[in-house]
Protein chains: 2
Amino acid sequence: MEQRLSFITLGAKNLDSLKNFYVEKFKWTPVKTDGIVFFKMNGFILALFPADELAQDVGVQSGAPGFKQFTLAINYRSEQEVDGIFDTLEKRGVKVIKAPQKASWGGYSGYVADSEDNLWEIAYNPFLEMDAEGNVAGHE
Amino acid sequence: MEQRLSFITLGAKNLDSLKNFYVEKFKWTPVKTDGIVFFKMNGFILALFPADELAQDVGVQSGAPGFKQFTLAINYRSEQEVDGIFDTLEKRGVKVIKAPQKASWGGYSGYVADSEDNLWEIAYNPFLEMDAEGNVAGHE
């Protein structure tokens with residue numbers, strides 16, 4: 001798997017107040033604020049998303065032991081690439097938490113866990129602009 | 001505060017096995033493996049660090065409620081810049097968890113919390129190479 005990252009998503013108890021913290025205290029500018037908040041960082045996106053909806057996307061209970069309330073993500077350029085990464089990781093014995101599938105937000109994604117239950121989403125997002133090196137350049 | 005990030009640090013229960021996961025399953029190459037593990041990503045470093053040592057660095061108990069076992073960091077180019085950021089954030093009412101101070105690893109750092117106890121380290125690290133945009137270019 002390429003050694004890069006596209007998203008860090010923090011599960012929020014109160015999305016509006018957490019967004020306001022980053023806007024008012026850090027003076028950061030979001031590129032998306034409807035239901036999920038995106039801050040474009042240096043090469044990736046810091047996302048804020050209600051923790052219960054994040055858990056639902058993973059397919060676990062929000063308060064489940066082992067669910068750390070945040071996820072990491074690496075994005076690829078097609079559904080086929082995502083499938084290929086899952087095949088490779090499964091062959092290496094990586095625990096698949098959610099097999100890749102069409103997502104409600106219009107993309108295609110699944111989740112694997114590292115050896116300490118940190119969750120990695122592997123996704124194709126048709127709305128995400130990536131440069132040749134895989135850095136996130138923007139979001140439509 | 002600049003809209004970028006220099007480190008994501010995951011607290012590890014078992015540093016060696018977590019490092020091995022990323023090396024053997026993701027096939028990633030660390031740039032540092034002695035006591036702390038660094039993977040150079042796209043513009044920042046993904047660090048693995050024993051969770052109890054991470055808690056100690058923050059100044060909290062490892063199992064304390066609210067300690068999420070991971071931290072985010074933004075690095076600046078001097079101790080003076082770090083002090084300036086802390087001054088600014090304190091004036092805006094941001095909760096300081098640890099005032100900036102000399103760190104055991106040879107740098108200078110402190111921690112603030114966002115409105116949901118996600119911890120941000122603000123640091124100067126003399127061993128970190130940063131490019132003009134603030135991306136992490138390497139680590140000595």
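All values below come from the heavy atoms of this structure, side chains included, with hydrogens, waters and symmetry mates left out. The structure presented is a predicted model; accordingly, all values stated were derived computationally and were not measured. A note on names: the letters A, B, ... follow the listed sequences, proteins ahead of strands, and every chain is numbered from 1.
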Determine yes or no for a side-chain-to-main-chain donor-acceptor pair under 3.5 angstrom, with B/Lys25 supplying the side chain and A/Leu89 the backbone.
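Not confirmed, B/Lys25 side chain does not pair with A/Leu89 backbone.
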State whether the side chain of B/Gln3 and the backbone N or O of A/Thr29 hold a donor-acceptor pair below 3.5 Å, judged by distance alone.
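Checked: pair present.
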Go through the atoms of B/Leu5 and report whether side chain, backbone, both or neither lie under 4.5 Å from a heavy atom of chain A.
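Both the backbone and the side chain of B/Leu5 come within 4.5 Å of chain A.
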Which atoms of B/Ile85 approach chain A - backbone, side chain, both or neither, heavy atom under 4.5 Å
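No part of B/Ile85 comes within 4.5 Å of chain A.
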When hydrophobic residues are tied together by side-chain contacts of less than 4.5 Å, even through go-betweens, does [X] share a cluster with [Y]?
| X | Y | value |
| --- | --- | --- |
| A/Ile8 | A/Ile97 | no |
| B/Phe38 | B/Val23 | no |
| B/Phe7 | A/Phe44 | no |
| B/Val136 | B/Ile36 | yes |
| A/Ile45 | A/Trp105 | no |

Pick whichever of A/Phe21, A/Phe26, A/Tyr22, A/Trp28 has the most heavy-atom pairs under 4.5 Å with chain B.
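Maximum pair count with chain B is reached by A/Trp28.
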Max heavy-atom pair count under 4.5 Å with chain B, selected residue of A/Val94, A/Leu10, A/Asn42, A/Leu18:
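The answer is A/Asn42.
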State, to 0.1 Å, how close B/Glu24 and A/Arg92 come at their nearest heavy-atom pair, and which atoms those are.
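Scanning both residues, the minimum pair turns out to be O-CD, 3.8 Å.
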Of the backbone (N, CA, C, O) and the side chain (C-beta and beyond), which part of A/Asn14 lies under 4.5 Å from a heavy atom of chain B, both, or neither?
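Looking at A/Asn14, backbone and side chain both touch chain B.
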Residues of residues 53-77 of chain A contacting chain B, heavy-atom criterion under 4.5 Å, by residue number
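When heavy atoms of chain B are the reference, residues 53-77 of chain A contributes A/Phe70, A/Leu72 within the under-4.5 Å range.
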Residues of residues 107-130 of chain A under 4.5 Å from chain B (heavy atom pairs)?
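Under the 4.5 Å heavy-atom cut-off, A/Val112, A/Ala113, A/Asp114, A/Ser115, A/Glu116, A/Asn118, A/Trp120 qualify.
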Is the count of non-hydrogen atoms from other residues, nucleotides or ligands lying under 6.0 Å from B/Lys27 atom NZ greater than 12?
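Counting other residues, nucleotides and ligands, NZ of B/Lys27 exceeds 12 neighbours.
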Residue selection (most heavy-atom pairs with chain A, distance under 4.5 Å) from B/Glu133, B/Glu2, B/Lys91
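Most pairs with chain A among the choices: B/Glu2.
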